[in-house]
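First up is the structure itself, then whatever we jot down about it.
We're numbering straight along the sequence, starting at 1. Every value quoted in this text rests on a predicted model; they were computed, and no experiment measured them.
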Amino acid sequence: MNRFLKIAAVSLGVLLLLVGAGVAGLYAWSGAELKKKLTTPTHAFTAPTAPDSALLARGKHVVDALAKCSECHTADLGGGTMIDDAAFGHLATPNLTSGAGGIGADYTDADWERAVRHGVARDGRRLMIMPSNEYQYLSDEDLGVIVAYLRSVPAVDRETAPTQLGPLPRALYAAGKFPLFPAAFVTHTDAAVPTVPVDSTVEYGQYLGTVGCSGCHGATYGGGNIPGTPPEWPAAANLTPTGIGHYAFTDFATLLKTGIRPDGSKLEPFMPIAATSQMTEIEMKAVFAYLKTLPARPFGTR
């Protein structure tokens, strides 16, 4: 019996050594990935230099209702902790204002475009989680009003702790299951992005959906589990006719304003109702019109 116990103890020790070596290797490799830099093309993008009240109001609307920036960067845009978990690590969003600890005072037009559209920091590091795969489609006009508005918001003095990734996202990224760097899914181009006229059209609905909905509901809007999210997070809904084909526009508008489905049930709190409730009727009609054009797809085919 003692012999078998000794063999088991040795085997366990070897196993722990192998696991330890694997974890060390994972951290070394992922650490190198975090430091990688990316050069992006330059584009003659210029934000408005003397925005009036109407333009700033438009910028606030795009930031809050359409791009949903405050969902991650907090209501005052001063940034803060998104996740603090032993397995996932500490994930914080930067302070976008000009206050102490913020980037707003130093960022140039080129820096803002690089971060928003390309998912790359001013020093070339690839930004984590930043949904630039969606924001790359923001028109020059909308990106311009975003930048103008961010430069106008009250300064928030807030230092945010640096992001420290835990073992779970590192392992998922290594396995190709976690899109840690959205810059990998951006078509890095220096071309101008044209404005889509604001109207209750399918074209404008497609623009709004691409910028603000496709990240969770998927490029096909078939819904399903969102890659890289914790297992307790609910799956995104199917927005094709399979999922909401029975909705009237009034049902859809009520859903976006209140988070209440036609059957009276409530959406999960992960749906950003604080943002969608600020959408205008024209914007809601445009998105609804676009979703109605999509082919019906099974749930989970995001």
Please output the side-chain donor-acceptor pairs of residues 184-193 that fall under 3.5 Å, not counting sequence neighbours, one pair per line with the distance.
| from | atom 1 | to | atom 2 | distance (Å) |
| --- | --- | --- | --- | --- |
| His188 | ND1 | His118 | ND1 | 2.9 |
| His188 | NE2 | Ala183 | O | 2.9 |
| Thr189 | OG1 | Ala191 | N | 3.1 |

Polar side-chain atom of [X] near backbone of [Y] as donor-acceptor pair, under 3.5 Å:
X      : Y      : answer
Thr258 : Ile260 : yes
Arg125 : Leu38  : no
Tyr207 : Ser139 : yes
Thr97  : Ala155 : no
Asn95  : Ile103 : no
Thr301 : Pro298 : yes
Ser98  : Gly104 : no
Ser132 : Val116 : yes
Thr280 : Glu283 : yes
Lys292 : Tyr290 : no

What's the separation between atom [atom1] in [X] and atom [atom2] in [Y], rounded to the nearest 0.5 Å?
X      : Y      : atom1 : atom2 : result
Asn238 : Leu294 : CG    : CG    : 9.5 Å
His73  : Met82  : NE2   : CE    : 8.5 Å
Asp76  : Thr74  : CG    : OG1   : 4.0 Å
Glu113 : Leu138 : CD    : CG    : 10.5 Å
Ile244 : Leu255 : CD1   : CG    : 8.0 Å
Tyr204 : Ile282 : OH    : CD1   : 9.0 Å

Please determine if [X] and [Y] form a salt bridge, counting it only when a charged side-chain N lies under 4.0 Å from a carboxylate O.
X      : Y      : value
Asp109 : Arg151 : yes
Arg261 : Asp263 : no
Arg58  : Asp142 : yes
Lys36  : Glu33  : yes

Under the ring-ring contact (aromatic ring centres under 6.0 Å, His included) test, residues paired with Phe299 that sit two or more places apart: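 Expected list: none.
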
Residue pairs passing the side chain to side chain donor-acceptor pair (under 3.5 Å) test where at least one lies in residues 208-227, sequence neighbours excluded: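 Checked against side chain to side chain donor-acceptor pair (under 3.5 Å) - neighbours excluded - the pairs reaching residues 208-227 are Thr220-Arg297.
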
Summary of side chain to side chain donor-acceptor pair (under 3.5 Å) pairs that have at least one residue in residues 192-202, sequence neighbours excluded: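 Qualifying pairs: Glu141-Thr195.
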
Set of residues satisfying side-chain contact (heavy atoms from CB on, under 4.5 Å) with respect to Ala174, sequence neighbours excluded: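 Partners of Ala174 by the side-chain contact (heavy atoms from CB on, under 4.5 Å) criterion, ordered by chain and then number, come out as Leu26, Trp29.
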
side-chain contact (heavy atoms from CB on, under 4.5 Å) partners for Phe249, two or more places apart: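 Listed in chain order: Ala253, Glu281, Met284, Lys285, Phe288.
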
For residues [X] and [Y], report the shortest heavy-atom separation together with the two atoms involved.
X      : Y      : result
Gly215 : Glu134 : CA-OE2, 3.1 Å
Ala100 : Asp157 : N-OD1, 2.8 Å
Ala92  : Thr160 : CB-CB, 4.4 Å
Ser277 : Lys257 : CB-O, 3.5 Å
Ala47  : Gly144 : CB-O, 3.9 Å
Asn133 : Pro182 : OD1-CB, 3.6 Å

Any donor-acceptor N or O pair under 3.5 Å, side chains Asp251, Thr254: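 No pair is found: no donor N or O on one side chain lies under 3.5 Å from an acceptor on the other.
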
Is any side-chain heavy atom of [Y] closer than 4.5 Å to one of [X]?
X      : Y      : result
Lys37  : Arg126 : no
Phe181 : Leu34  : yes
Thr81  : His90  : yes

Any link between [X] and [Y] through a network of hydrophobic side chains (Ile, Leu, Val, Met, Phe, Trp, Tyr) touching at under 4.5 Å?
X      : Y      : value
Leu291 : Leu267 : yes
Met130 : Phe178 : no
Tyr247 : Ile273 : yes
Val196 : Leu55  : yes
Ile129 : Trp112 : no

Full working for side-chain contact (heavy atoms from CB on, under 4.5 Å) between Leu256 and Met271: CA-CA 9 Å; Leu256 294 183; Met271 175 68 182; 4.0 Å; yes

Chi angles and distances behind the side-chain contact (heavy atoms from CB on, under 4.5 Å) call for Arg302, Ile226: CA-CA 9 Å; Arg302 48 178 291 115; Ile226 304 170; 4.2 Å; yes

Chi angles and distances behind the side-chain contact (heavy atoms from CB on, under 4.5 Å) call for Arg117, Tyr135: CA-CA 5 Å; Arg117 278 209 183 115; Tyr135 292 168; 5.5 Å; no

Stepwise side-chain contact (heavy atoms from CB on, under 4.5 Å) test for Met279 and Val287: CA-CA 10 Å; Met279 293 175 66; Val287 173; 4.0 Å; yes

